[in-house]
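Computed from a predicted model, the values in this text were never measured in an experiment.
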Amino acid sequence: MPVAIALGAFLMTLLGGWIAHRVTDRRHLVLGLAGGLMLGVVGLDLLPEALEAAGGEVFGVPAALLCFVLGFLATHAVERLLAVRKAAHGMDPGERVPQVGLTAASAMVVHSFMDGFAIGLAYQVGREMAVAVALAVIAHDFADGFNTYTITSLYGNARNRALLMLGADALAPLAGAAATLAFTLPEQWLGVYLGFFGGVLLYLATSDILPEAHHDHPALSTLLCTVAGVGFIWLVVGIAG
């Protein structure tokens, strides 16, 4: 039953990626929306869940927030190190690094796996709980699919790679739901992961996606798409709550 429920997340992920692929003639709007979705997911979904799940503090700082900062810094460090390596080989250090896109998309796949995992765990608690969690997961997996395709392609990866990562992201909730039949993840470790992943997403949204969205098209419509992305995640969180 959890795997059957996760099938809805699979379909919504593919739908989100398909829409991101089809609207390439409005790329600035796609990037603006993706940035808003990522900001909404981080601030309204991931961080609250991470703070609740991770629990204790490390030298006076909540563990989830510490991991959030580490995720942000780690992504920044990886991007800078790759840029320095390219510059040392005579390449333009400002050029997009495909490995960064693939790494970020891989993190999205892991996140989607955890979504399916959450459905499976909720089903163990009770059918009503599983339905509530599934509705939340299915709704925001549209944003996951949208962002996975956008991030992969934005960093210079070929279309087939972006579609491959989208397919992996779509299958991940099914695998996560099936995995709950074999093992469970301690809640504290889940909070640590969510905090770190939130830092990764925030860095990509603020340092690359939103600046790219407004670089060639600093239009009000782009800003409105970003606001709409945040508002959509707020609506999903509110309904799920």
**side-chain contact (heavy atoms from CB on, under 4.5 Å) against W234, all qualifying residues, sequence neighbours excluded** = L44
**Prompt:** Is the closest side-chain donor-acceptor distance between T152 and N157 under 3.5 Å?
**Reply:** no
**Prompt:** Please walk me through it: do M12 and F146 pass side chain to side chain contact (heavy atoms under 4.5 Å, CB included)?
**Reply:** CA-CA 10 Å; M12 286 300 289; F146 191 98; over 6 Å; no
**Message:** Measuring from atom OG1 of T206 to atom CG of L39, what distance do you get when rounded to the nearest 0.5 angstrom?
**Reply:** 7.5 Å
**Asked** What's the shortest heavy-atom distance between M165 and T148, and which atoms?
**Response** O-CG2, 3.8 Å
**Prompt:** In Å, rounded to the nearest 0.5 Å, how long is the span from CD1 of I19 to CG of L14?
**Reply:** 11.5 Å
**Message:** Please give me the minimum heavy-atom distance between L37 and I233, naming the atom from each residue.
**Reply:** O-CG1, 3.7 Å
Which donor-acceptor pairs under 3.5 Å do side chains of residues 46-74 form with protein atoms, sequence neighbours excluded?
none

**Request:** Tell me whether W18 is reachable from L33 by hopping between hydrophobic residues (I, L, V, M, F, W, Y) whose side-chain heavy atoms are closer than 4.5 Å.
**Result:** yes
**Asked** Is a side-chain N or O of S112 found less than 3.5 angstrom from the main chain of P173, in a donor-acceptor match?
**Response** no
**Shortest non-hydrogen contact between F10 and A170, atoms and distance** = CD1-O, 3.1 Å
**Request:** Look at the side-chain heavy atoms of Ile, Leu, Val, Met, Phe, Trp and Tyr, link any pair under 4.5 Å apart, and say whether F113 and V41 land in one connected group.
**Result:** yes
